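Quick caveat, the model's predicted, so the values are computed rather than measured. Reminder, nothing fancy here: chain letters follow the sequence lines and each chain counts from 1.
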Amino acid sequence: MNRTDVQVAFCGSAGDGTIAVGDIFKRAMARAGYRVIAFDIYPPEIRGFGKCIARVRVTAEQAYSLKRQSDVLVSLNDGHAIPHVPEVCDYGAVIYDNNPIAALAEGRHISGHIQPAQLPYGLPMRELSEQVTGGAKSRNIVALGYVAGVFGLPKEVFMAAMEEKFSRKSATIANTNSAAFDAGYEAGATVFRLDFITFGDPKPAAVDIGDVRMMTGNGAVVRGCLDAGMNTFFGYPITPATSIMERLAVELPKRGGRLVQTEDEISAISATIGAGYAGSRSATATSGPGLALMVEMLGLGVMAEVPSVIFCSQRGGPSTGMPTKTEQSDLHLAVYGGAGDAQRIVMAPTNVEGAWRCAGKAFEMAEKYQTPVIVLLDLYLSNRYETVVLPRNNPFEAESVKTRPLRDRGMPYERFAFTDDGVSPRTIPGEEDGMHTVTGLEHNTLGRPNDQPEMHERMSEKRHNKLLAALDHPGITISKRFGQEGPVDVGILGWGSTFGEILEAMFLAQEEGISCSAMKVVMLSPLPIEPIRAFFNDCREVLIPELNYEGQFANLVTAALPRAVTRLNRVPGIPMSVDDILDQIRRLAAGARASAAE
Amino acid sequence: MNRTDVQVAFCGSAGDGTIAVGDIFKRAMARAGYRVIAFDIYPPEIRGFGKCIARVRVTAEQAYSLKRQSDVLVSLNDGHAIPHVPEVCDYGAVIYDNNPIAALAEGRHISGHIQPAQLPYGLPMRELSEQVTGGAKSRNIVALGYVAGVFGLPKEVFMAAMEEKFSRKSATIANTNSAAFDAGYEAGATVFRLDFITFGDPKPAAVDIGDVRMMTGNGAVVRGCLDAGMNTFFGYPITPATSIMERLAVELPKRGGRLVQTEDEISAISATIGAGYAGSRSATATSGPGLALMVEMLGLGVMAEVPSVIFCSQRGGPSTGMPTKTEQSDLHLAVYGGAGDAQRIVMAPTNVEGAWRCAGKAFEMAEKYQTPVIVLLDLYLSNRYETVVLPRNNPFEAESVKTRPLRDRGMPYERFAFTDDGVSPRTIPGEEDGMHTVTGLEHNTLGRPNDQPEMHERMSEKRHNKLLAALDHPGITISKRFGQEGPVDVGILGWGSTFGEILEAMFLAQEEGISCSAMKVVMLSPLPIEPIRAFFNDCREVLIPELNYEGQFANLVTAALPRAVTRLNRVPGIPMSVDDILDQIRRLAAGARASAAE
Amino acid sequence: MGSFNEPVYLEEKLREVRENGRLSYRSRSLPTWCPGCGYFSIVEGVTNALNKLGIANKDVAIVSGIGCASRFPFFLNTYGFHTLHGRTLPVATGIKVANDALTVMAIGGDGDAFAIGGAHIPHAARRNVDMTYLVFDNGIYGLTKGQTSPTSVLGFKTSTSPYENQDAPLNPLMMLLSYGASWVGQAYAGQPHHLADLITQALAHRGFSYLNVLSPCVTFDKTTRTYSNLNMQVRMLPNDHDSADMMAAMAEATRVGEPALGVYFKAQRPTLADALNTITSKARSKEAPSQGANTAKKRAAGR
Amino acid sequence: MGSFNEPVYLEEKLREVRENGRLSYRSRSLPTWCPGCGYFSIVEGVTNALNKLGIANKDVAIVSGIGCASRFPFFLNTYGFHTLHGRTLPVATGIKVANDALTVMAIGGDGDAFAIGGAHIPHAARRNVDMTYLVFDNGIYGLTKGQTSPTSVLGFKTSTSPYENQDAPLNPLMMLLSYGASWVGQAYAGQPHHLADLITQALAHRGFSYLNVLSPCVTFDKTTRTYSNLNMQVRMLPNDHDSADMMAAMAEATRVGEPALGVYFKAQRPTLADALNTITSKARSKEAPSQGANTAKKRAAGR
Ligand SMILES: Cc1ncc(C[n+]2csc(CCOP(=O)(O)OP(=O)(O)O)c2C)c(N)n1
Ligand SMILES: Cc1ncc(C[n+]2csc(CCOP(=O)(O)OP(=O)(O)O)c2C)c(N)n1
Ligand code: SF4
Ligand code: SF4
Ligand SMILES: [Mg+2]
Ligand SMILES: [Mg+2]
């Protein structure tokens, strides 16, 4: 079987068009029918010459993360690319300009850093660019063409991807690009080629099961909002969530929905909850600093039992932190941020398809359980591209409101009536005979302020218990175990975007013969205790890798299910290294075997 | 030995002067040299006829909470007082008006509810009041005089307390009051009296060890702020914290300090941190909703390593919740409320003396560890009166800043230099040659924005590790074990104002022969892991009683030290019932004995 | 309404009916305010205005913050949202954006509005959200028992200003005018008929209407904004005041020692709903219109 | 400064020295702004003004929020606090309350000021905190790559207003005037000498000074607030403008299409420090003065 799994990294400085060629490459591969995962890293400044890396993994079947090693590294700037040479696998290719503009001092040229088992591919990028376009600016496109040529990839998909990307530019630019691409392609097609890296056929079966698209996590959120029939959106710009609002600003009005850019995040969540009170499916999107501002209002949503959906794409913290770096450190805030006992629903998808599903389901849950629902993403997930397969039929309920039976008309309306499932029938403004006032004060079933001991105890119970039903909410995976079934030496428990790296590490560990298995937890509040308990019971050792310093998820889990676990906490601002996880698995497995042998 | 321990409860409706006589009673007892703990419960409305109860416990030696049973109940309104008859102990006294204005329907008069072992003391309060003052309004003072008379308490202290309380009122009122008091006193002094309840001599020894005062938790905070030399205060009114600002508004300017009532809590914490940056000892005070608004700025305090002190007096939550009820449910928010890994210091005193000490030490710690310090109180502690003994010498360091050595002048100033203890020498604006910019962005040692993986990992470590020294901060008890030493069947772990009830319950359990012991934890972040671990190791069963629904402290502790514990979570809005705790101790002790017997 | 002298049977009957209509806007909860508080007449004013305009209870949403003033929604038999201190306007904006058909009133005290809520007023005003904002301006924090507020006068002694307030008070009317509010007026709790009339006008205005209601806190302010002081200070806007003239309105608003009652300024300009509808039609003209309209409204209408 | 034609040796030398003085206010970090951004001339203006006024670096505290504008403190060799989005003024107020001796400048963008920071401006202004607030008003969110701001003009197409901005912009000058700011002015990044002069005046003012600096974002606004458009629109305040006349200032401020540069309004009134000192002396007159003065100042002075 010809299973395609090739990762290409383009590395250069901000002016080199590095991100641009990465983008064309992934779009071309998606057009060719491959599955794609792609993530770019670039400097925070708007201007400057910082390092950019675009990594694209191309596979025939679904992958879960970038690979720890790339198969191909394309250097557009040797100074930036040299540190990344070690990330190229054995028999992988390093492509570089073998005729740069100035002679480089020894050690400054990448060719001197390529390792014995790696294959050097020198190409006069600048020269070729100057020859065919009259300028050096198209070096990146030459290199792209070269990659396509070396691996015999179909030209058409690249042409189409470039056309799409540069559709607004002039015809001259289009011609320049295609000339540069061709020059590179030709050079690549004629070069000697080892067969360690090959692209097999894309798997066409996928096309049958739904709508195949390449999108980012934020793009998937937008699509989920639209598919779930969101009516209103209120937001305030903040990296890495801004693109959700920007895309919705274009799309939502086309469907008659409304979007308002508010004066701040407090206003955004307040308006979202106001709209939710008025019966609208409403959402906002932010990052940690904005979420911090929202927590008082979220408490009102909890107390007044009003639906709202909050997308929070995490970045490096605390405070303004690292706006263009990824981290998973807003979990404490999302779950515990609120005065009083203010439990709500918190979910974190682990991949792009999950982002779409969580987004859509969040509206159902908010409405059904009358509560704020926070969907936690992070910069890595928000910005990374994946090809996803969406079902052809919209799986989201158009309306999940528990309405007040008409026969109750004329009776005193108990907005907060105690019921078996803790959810009280709800009326919305404009509805005949359902007038009531909701409040952030503790209240009785009519919604009138009431601070008697029994009332507060019962209402607290109601607010907490009604959320448990979310653990069985239809159509969404709350938690899932992967890998070996039954008892294992090492169990890896993970959440959010890091779960891709966890799976990757687990598969590698399995290949090494380690007895292990991984579980992802999508619903973080309320926590799915029972599946986690069952998993714990099967695991001799438990590893919890996450991108934060305090072990926030480990805190959550061990508070609910006290047991010793091993925490792997890293805060590099970039995705977790698969090797780091793998090392821990190996270490724990060795320990487990040793203690079993005692 | 004549160990005094008498609890008197006054119960009436809002217009009856219930809280007022309770106040006079406790002030008189404090004047007489007794130790006093007092807490009032009254309705949230400014107007109305809701139930008021003033409870005062009078002892010779330090007590830790109100008792679960009162020795004396004075009814100024039978409707309100009847439900409280069962709280009077056997051989306790119930004092009531035996000649009320209208004949009451059967069952509406309290005399029908007094239990066999309780002693009924009927007194024509209204009649006496009308006789000596010409009106019924002084019924409450008559009843107060009666209590004093029955138990043979010294008249002078009552006269002095009334004078103090009504000093601003007219001479007529003073005369009226003393006439009413006398009438009651006489009636009481002549009544037949059982000796089950007696007031012994107050313990005069206490006077020698320091300054004995009666104050509330909020009063103690104010005193702590002043003793620690606080320079500036910024606040926004909110129950139950407002009285801190109100008192400081009077006192702080007298010492040349400055207080500004800001436009909101965000501004209050921002200005506090601004002042802290400028080298001022600065604080703010709020409750849960305000703390929720502050968490973004607290994160900046963490990241920029600027000192600040935040007093948060908790009330019932979530959201606006129950503004005039007590609860311990802002712990999650205080410890975990912040984007990113934003650890800071969080302390919770367990009594009034502790409130004073934590307040003062908070300024030392904030300055020394360059961090926000949150001091958590709650309505019960903020408003309850205790007699406390303050040392005669101010125990607080006037300055705890780690300054930059003069010899470093002229060198590039590394505001965030890595040091052994994680604390970097600090300069403040106005200081020669120490110019630097602090930021909420991740930064290098110079304070310049920097988001490289190694820098963020090292800085995260620095910010967390420097706080560990607070666990050994001099002059304050971080955690403490009470009761039986060594292995026990039941260990009770507690925090905040509820610890008084825990101790009370533990002493009762010990009297029943149960093997038990209690530990209070004052420092909640960073958590004193080692003492808790040692305590856990000694306890067969661990009970964690707290006034919140989610078991917030139990979550904190078990996340740090995974083990099974029993949670006792109640949210009545009033102090935890000693009986509830005792029941759990008994249950756990029985279980422990059974399992030990297996 | 001073027609008690006239013995006409029919008219009395009519008034009774009208009065009944008004009462249908009252909830079963009696206001918990202190006797004599200026707020009582504002309840009267609002129920009168709703009745006069014939707005159905079910179509009214009253949003408030926290404070004595903000207890308001509990006393009315309409939809109500007692939100958080200072968040009245954004919550109200969300409600209105979700459903154009509702009559939305926002209510709060002077602290709720100009201290903690100050960030939101400029934006509700400039966007011209079609709602009415009533600020009960008693120059003090009532609910928390008498602290200084942003509209407290200089020299006022309160529990947080024991040495007398030294902060210059804000001028709500000038602020609202500078924000571009399309209707700005002032009334006084001690003149209930005029107050009711102004509430009616404010509600009838299409766009953002701001009504500042001077109201005494009888419990915590015995010295500054009392009935007797206000009775002496207030005046009507001059007869020739041109409510289309922004500068004239500004000039009147500067005379804080003798507060004028009436409509300072009004203008017609597109509301937020107009703006959002413009966006929708622009968006749709670029693309074939698609299905999912405002289901919130559909839901409400559907039952 | 247009004196390059004059060949007087001494004068050039003097200028050089003066220029050197100015440079001592610059930090080693070069501004990270886009080439051509209007903000560069504001750095020049501030260093010039500090130099002219002879304020020691150690006595300057520059507080900013978040945004391109708010990167400012990193580029100066003074004390600096790069705070949070919108919290510039309260942090700056805290600094000033802690130490009267500092020269405090607050700096932020139009979003930082009038969107997320809008709650705080009225209070810093009415309290007359003795500081200078510079708002770099480019009518857009620069740092987050080009979204609509509260001062974006109607019809502006941005990434969050793809169908053109429909929200009426705020008028910062009218707002500040209505808040009672004691010094209100406007400058333009394209007129650096006038800008430097106004910054100097604002810094010299005792009390709260607000300077609105019109500044193009060359990267994200190619259509509205460009140099070429602004060059055509701006004018100087009329020669006979009376900066003591609030209504005249208001009237000028309403002419948004032709923004006037200069000092709109100035007045002398007690600062927050004055108010706090009044309180202290009242408090002390009631009680024998006690020890613990402002140790922060003592500390700073002590080393
Ligand atoms: C976030 C927050 N901060 C503070 C409070 C406490 N609080 C409640 S009402 C109020 C002020 C009330 O004054 P105002 O808005 O003028 O209304 P009034 O009571 O005078 O009608 C305050 C400070 C709160 N509930 N929430
Ligand atoms: C609480 C919070 N919300 C949002 C952001 C994201 N953010 C950073 S700067 C900015 C706006 C910048 O615009 P402006 O204040 O006009 O400054 P400019 O960049 O134009 O100079 C935003 C929305 C943030 N950092 N913090
Ligand atoms: S405290 Fe003042 S504002 Fe509140 S109800 Fe009483 S009189 Fe009215
Ligand atoms: S993005 Fe705009 S405001 Fe920011 S530095 Fe560039 S030109 Fe200036
Ligand atoms: Mg008020
Ligand atoms: Mg801007």
> Non-hydrogen atoms of chain B under 4.5 Å away: do they reach the side chain of A/Leu291, the backbone, both or neither?
Replying inline: neither
> Checking heavy atoms, do the side chain of B/Glu457, its backbone, both or neither come under 4.5 Å from chain A?
Replying inline: both
> Would you say the side-chain atoms of B/Asp451 pair up with the backbone N or O of A/Met322, donor to acceptor, closer than 3.5 Å?
Replying inline: no
>> Counting only heavy atoms from other residues, nucleotides and ligands, does the tally under 6.0 Å from OH of A/Tyr42 exceed 12?
In response: no
> Within the side chain of B/Asp341, is there an N or O that forms a donor-acceptor pair under 3.5 Å with the backbone of A/Asn548?
Replying inline: no
>> What part of B/Gln552 gets within 4.5 angstrom of chain A, counting heavy atoms only: side chain, backbone, both, or neither?
In response: side chain
> Of the listed residues (A/Pro453, A/Ala342, A/Gly321), which shares the most heavy-atom pairs with chain B below a 4.5 Å separation?
Replying inline: A/Gly321
>> Taking side chain as everything from C-beta outward and backbone as N, CA, C, O, which of these in B/Arg315 sits under 4.5 Å from a heavy atom of chain A? Side chain, backbone, both or neither.
In response: neither
>> Given heavy-atom pairs under 4.5 angstrom as the criterion, report whether the side chain, backbone, both or neither of B/Thr439 touches chain A.
In response: neither
>> So, taking the atom named CG in A/Leu298 and the one named OG in B/Ser319, what distance separates them when rounded to the nearest 0.5 Å?
In response: 10.5 Å
>> Looking at chain B, which one of A/Thr558, A/Val571, A/Thr320 has the largest number of heavy-atom pairs inside 4.5 Å, strictly under?
In response: A/Val571
> So with a 6.0 Å cut-off around CZ of A/Arg458, is the heavy-atom count from everything else above 12?
Replying inline: no
> So which of B/Ala564, B/Gly440, B/Gly316 has the biggest tally of heavy-atom pairs under 4.5 Å with chain A?
Replying inline: B/Gly440
>> Under the criterion side-chain contact (heavy atoms from CB on, under 4.5 Å), I'd like the reasoning laid out for B/Val335 against A/Tyr336: C-alpha separation, chi angles, the key distance, then a yes or no.
In response: CA-CA 9 Å; B/Val335 173; A/Tyr336 289 135; over 6 Å; no
> Is it the backbone or the side chain of B/Glu461 that comes under 4.5 Å from a heavy atom of chain A, or both, or neither?
Replying inline: both
>> Within the structure provided, determine whether B/Asn555 and A/Leu556 are in side-chain contact (heavy-atom separation under 4.5 Å).
In response: no
>> For the interface with chain B, which of A/Gly338, A/Pro449, A/Ala560, A/Ala554 has the highest count of heavy-atom pairs at distances below 4.5 Å?
In response: A/Gly338
> So do A/His464 and B/Glu550 actually touch side chain to side chain, heavy atoms under 4.5 Å?
Replying inline: yes
> Heavy-atom distance under 4.5 Å between the side chains of A/Val295 and B/Val295, does that happen here?
Replying inline: yes
>> On a heavy-atom basis, which atom in A/Pro318 and which in B/Gly299 lie closest, and how many Å separate them?
In response: CB-O, 4.4 Å
> Is there a side-chain contact (heavy atoms from CB on, under 4.5 Å) between A/Arg463 and B/Tyr549 once you walk through the steps?
Replying inline: CA-CA 11 Å; A/Arg463 284 189 292 269; B/Tyr549 190 85; over 6 Å; no
> B/His456 and A/Gly317: which non-hydrogen atoms are nearest, and at how many Å?
Replying inline: CE1-O, 3.0 Å
> Highest number of heavy-atom pairs under 4.5 Å with chain B: which of A/Gly288, A/Gly337, A/Ser460?
Replying inline: A/Ser460
> How long is the span from the NE2 atom in A/His332 to the CG atom in B/Leu333, to the nearest 0.5 Å?
Replying inline: 12.5 Å
> Which pair of non-hydrogen atoms, one from B/Pro323 and one from A/Leu441, has the smallest distance, and what is that distance?
Replying inline: CD-CD2, 3.7 Å
>> Please check: side-chain N/O of B/Glu296 versus main-chain N/O of A/Ala292, any donor-acceptor pairing under 3.5 Å?
In response: no
>> Can you give me the closest heavy-atom contact between A/Pro289 and B/Ala339, atom names plus distance?
In response: N-CB, 4.0 Å
>> Counting heavy-atom pairs closer than 4.5 Å to chain A, which one of B/Gln314, B/Lys325, B/Met459, B/Gln328 comes out on top?
In response: B/Lys325
> Can you say whether A/Gln343 sits under 4.5 Å from chain B via the side chain, the backbone, both, or neither, judging by heavy atoms?
Replying inline: both
>> Let's test your reading of the structure: which of B/Thr324, B/Leu293, B/Val302 forms the most heavy-atom pairs below 4.5 Å with chain A?
In response: B/Leu293
